[in-house]
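Side chains are part of it too, since the values below use all heavy atoms of this structure and drop only hydrogens, waters and symmetry mates.
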Amino acid sequence: MERILTVAQMRQADEFTIEKLGVSKEELVLRAGTAVADQIKKRFFGGRVLVCVGKGNNGQDGLVVADILSKIHGYSVTVFNVENGLLQVFDKQYDIVVDCIFGTGLNKEVQGKYKTIIEKINALKAFVVSCDIASGINGDNGKVMGVAVKANLTIAIQEYKLGHFLGDGIDYSGEVVCSDIGISVWDENFVKRIDNRDALKLFEPRNRNVHKGCFGKSCVIGGSLYYTGSVLISMNALCSLKSGVGYSYLTVPSSLFNAYVGKVPECILTPISDDGKSIILDTETLDKMLDCQSIAIGMGMTDGQGTYQTIKYLLKNYKGKLIIDADGLNALSKYGKEILKNKSCKVVLLPHVGEFSRLVQLDKRQISNDLIKLAVDFAKEYEVVLVVKSAVSVITDGNEIYLNTTGCSAMAKGGSGDLLSGFMAGLLARTDDLLEGVTATSYVFGIAGELAQKQDCEFTVTASEIITQLPNAIKSL
């Protein structure tokens with residue numbers, strides 16, 4: 001687990017270190033500049049360097065970088081002051097550009113000469129290194145403030161910031177390396193970044209003297225005449241060979257039962273009443289599923305009353321862990337999410353940003369401006385674990401907050417979310433710690449996507465190919 005701070009938290013840590021611990025501001029500037037210079041030295045033996053400095057602390061860091069690279073390491077260094085420098089400096093060629101224009105505190109649109117300078121940096125064919133954060137990126141939400149430096153490498157000073165990962169920050173930061181310069185972070189209410197240690201807990205070696213009953217029962221409920229494949233993708237991920245669950249059940253519309261026979265031979269196939277197109281409330285069949293440790297519902301179901309009433313019944317009568325995704329979420333948005341407050345089970349919601357937008361009745365722009373707070377408030381109000389899926393997913397139970405930074409663009413395909421739901425259902429059947437299970441699932445799932453992209457390419461990977469990489473993702477831990 002790694003810390004990710006807000007701009008305000010980092011500012012408080014700076015002030016505490018200076019005012020309470022007696023470390024001078026000048027000393028911190030020296031340490032920050034040295035950290036950036038050291039990272040450049042690790043990657044380049046020399047070269048032509050342009051250091052672009054602003055008027056704030058970030059600019060002071062840049063002057064230290066320039067001094068160390070030129071006087072100690074012998075690089076050819078040009079310093080450009082964005083306040084009064086001549087733009088002709090950009091007519092030359094450079095191997096490295098060091099961006100020290102704006103820090104994490106930027107809170108307004110980049111305009112005028114600053115906009116022009118950033119555009120010129122991006123036009124240079126050079127390796128771009130940003131100090132603390134790519135200039136033009138909002139430190140709290142990762143939004144591009146009109147224009148932003150496109151960095152190849154960002155040296156996060158002391159701690160990662162939310163803006164490195166949220167929104168466009170993930171694409172503008174490049175590789176992000178965190179350098180400890182001795183700033184004391186005393187606030188423990190920070191966002192956490194999931195890592196191997198968090199996921200490994202669910203994949204510890206098993207004893208030999210075990211049987212399938214030791215590893216839980218899990219069920220996927222979904223499918224309709226319109227979306228027959230979604231539930232199959234979920235089930236393929238859930239089956240014991242992929243998630244480690246002992247028993248796996250697939251519950252599908254009766255009218256489509258024959259279409260699913262034999263498709264996933266490892267699972268127990270069960271029909272549930274439907275209207276010829278979609279599932280309707282069938283309490284007798286649902287009651288048979290109540291002894292499962294986990295149930296995933298909503299994939300390919302349509303967002304009709306049948307879906308809503310089925311979820312409502314499970315919320316009231318089920319005692320295990322209920323994962324609601326896709327059309328299950330859309331049904332809640334359509335007919336009323338208040339039923340989440342009257343539940344007997346633990347609940348996980350898996351919306352992408354569009355589905356979350358409908359749940360909270362805000363547009364995507366409003367959500368991107370304050371995603372962390374909106375997610376935390378929602379999870380706290382409805383007492384659920386919420387996973388807002390995006391390039392970097394936000395996971396929260398209303399108290400703790402995690403970011404999952406694994407994954408890749410190849411996963412931006414239909415079926416990926418269904419796969420995550422099934423895989424998560426399997427893992428949650430094997431643990432009592434809901435939040436731990438959700439974070440581990442998200443992390444491993446992202447690694448599987450990365451492995452699939454590495455084996456194939458980001459344009460051609462399908463959800464089915466991600467499934468084949470789940471075992472390798474688990475082994476990589």
Side-chain angles (χ1 to χ4, degrees), residues 202-203 206 210-224 227-254 256-272 279 282 285-301 310-311 314 318-328 345-348 350 415-432 434 437-438 440-442 444-445 448 463-474:
L202 272 177
F203 298 99
R206 293 176 170 178
V210 294
H211 55 82
K212 57 190 175 185
C214 299
F215 304 114
K217 299 178 182 179
S218 194
C219 177
V220 167
I221 303 174
S224 67
Y227 309 106
T228 57
S230 298
V231 71
L232 280 177
I233 291 172
S234 294
M235 179 49 60
N236 271 303
L238 178 140
C239 285
S240 55
L241 289 176
K242 300 294 185 281
S243 69
V245 71
Y247 292 88
S248 51
Y249 295 81
L250 174 59
T251 303
V252 297
S254 296
L256 299 174
F257 182 82
N258 289 338
Y260 289 99
V261 171
K263 292 292 192 300
V264 190
E266 297 90 349
C267 78
I268 301 165
L269 189 62
T270 304
I272 190 169
I279 289 171
D282 178 351
T285 299
L286 292 175
D287 285 345
K288 297 174 183 176
M289 302 293 108
L290 297 183
D291 67 338
C292 290
Q293 281 72 37
S294 64
I295 297 175
I297 187 169
M299 294 68 69
M301 284 182 71
T310 300
I311 290 172
L314 289 172
Y318 180 49
K319 306 296 184 184
K321 295 170 280 272
L322 182 65
I323 300 163
I324 306 175
D325 191 17
D327 283 328
C345 55
K346 296 178 180 179
V347 174
V348 180
L350 294 178
S416 292
D418 305 314
L419 166 56
L420 176 62
S421 299
F423 188 50
M424 185 174 291
L427 265 66
L428 292 187
R430 304 195 285 106
T431 179
D432 293 325
L434 188 67
V438 170
T441 303
S442 300
V444 174
F445 175 67
S464 297
E465 289 164 329
I466 297 173
I467 293 172
T468 66
Q469 291 297 331
L470 285 171
N472 292 328
I474 294 168

Got a second to check how far [X]'s [atom1] is from [Y]'s [atom2], nearest 0.5 Å?
{"X": "D291", "Y": "Y247", "atom1": "CG", "atom2": "OH", "result": "10.5 Å"}
{"X": "R430", "Y": "Q293", "atom1": "CZ", "atom2": "CD", "result": "12.0 Å"}
{"X": "L350", "Y": "M424", "atom1": "CG", "atom2": "CE", "result": "4.5 Å"}
{"X": "M301", "Y": "T310", "atom1": "CE", "atom2": "OG1", "result": "5.0 Å"}
{"X": "F423", "Y": "S218", "atom1": "CZ", "atom2": "OG", "result": "12.0 Å"}
{"X": "I474", "Y": "F203", "atom1": "CD1", "atom2": "CZ", "result": "4.0 Å"}

- prompt: Stepwise, does the side chain to side chain contact (heavy atoms under 4.5 Å, CB included) test hold for H211 with C214?
  reply: CA-CA 6 Å; H211 55 82; C214 299; 3.7 Å; yes
Measure across [X] and [Y] and return the closest heavy-atom pair with its distance rounded to 0.1 Å.
{"X": "G222", "Y": "I279", "value": "O-CD1, 3.8 Å"}
{"X": "G328", "Y": "I311", "value": "CA-CD1, 3.5 Å"}
{"X": "L427", "Y": "S243", "value": "CD1-O, 3.4 Å"}
{"X": "Y260", "Y": "Y227", "value": "OH-O, 4.3 Å"}
{"X": "A429", "Y": "V245", "value": "CB-CG2, 3.7 Å"}
{"X": "F257", "Y": "L269", "value": "CE1-CG, 3.4 Å"}

task: Compare all side-chain heavy atoms of F215 with those of R206 and state whether any distance is below 4.5 angstrom.
output: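 In short, these two side chains touch, coming nearer than 4.5 Å.
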task: Evaluate the side-chain proximity of V348 to K321: yes if any heavy-atom separation is below 4.5 Å, no if none is.
output: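 Side chain of K321 against side chain of V348, heavy atoms only: no contact under 4.5 Å found.
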query: Does the Y318 side chain pair with the main chain of S294, one donor and one acceptor, at a distance under 3.5 Å?
result: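 At least one qualifying donor-acceptor pair exists.
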- prompt: Under 3.5 Å, side chain of S224 to main-chain N/O of G300, donor-acceptor pair present?
  reply: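 Present.
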Name of the residue among I295, L314, L322 meeting side-chain contact (heavy atoms from CB on, under 4.5 Å) with C345: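 That would be L322; it is the only one of I295, L314, L322 passing the side-chain contact (heavy atoms from CB on, under 4.5 Å) with C345.
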message: If you apply the rule side chain to side chain contact (heavy atoms under 4.5 Å, CB included), what do you find for L419 with L470, and how did you get there?
response: CA-CA 10 Å; L419 166 56; L470 285 171; 4.1 Å; yes
task: List in chain and number order the residues that pass side-chain contact (heavy atoms from CB on, under 4.5 Å) with T285, two or more places apart in sequence or in another chain; answer none if no residue qualifies.
output: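 side-chain contact (heavy atoms from CB on, under 4.5 Å) check on T285 returns T251, T270, I272, D282.
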- prompt: Given V220 and S421, is the side chain to side chain contact (heavy atoms under 4.5 Å, CB included) satisfied, shown in steps?
  reply: CA-CA 9 Å; V220 167; S421 299; over 6 Å; no
query: What do the steps show when you test K319 against L290 for side chain to side chain contact (heavy atoms under 4.5 Å, CB included), and what is the final call?
result: CA-CA 7 Å; K319 306 296 184 184; L290 297 183; over 6 Å; no
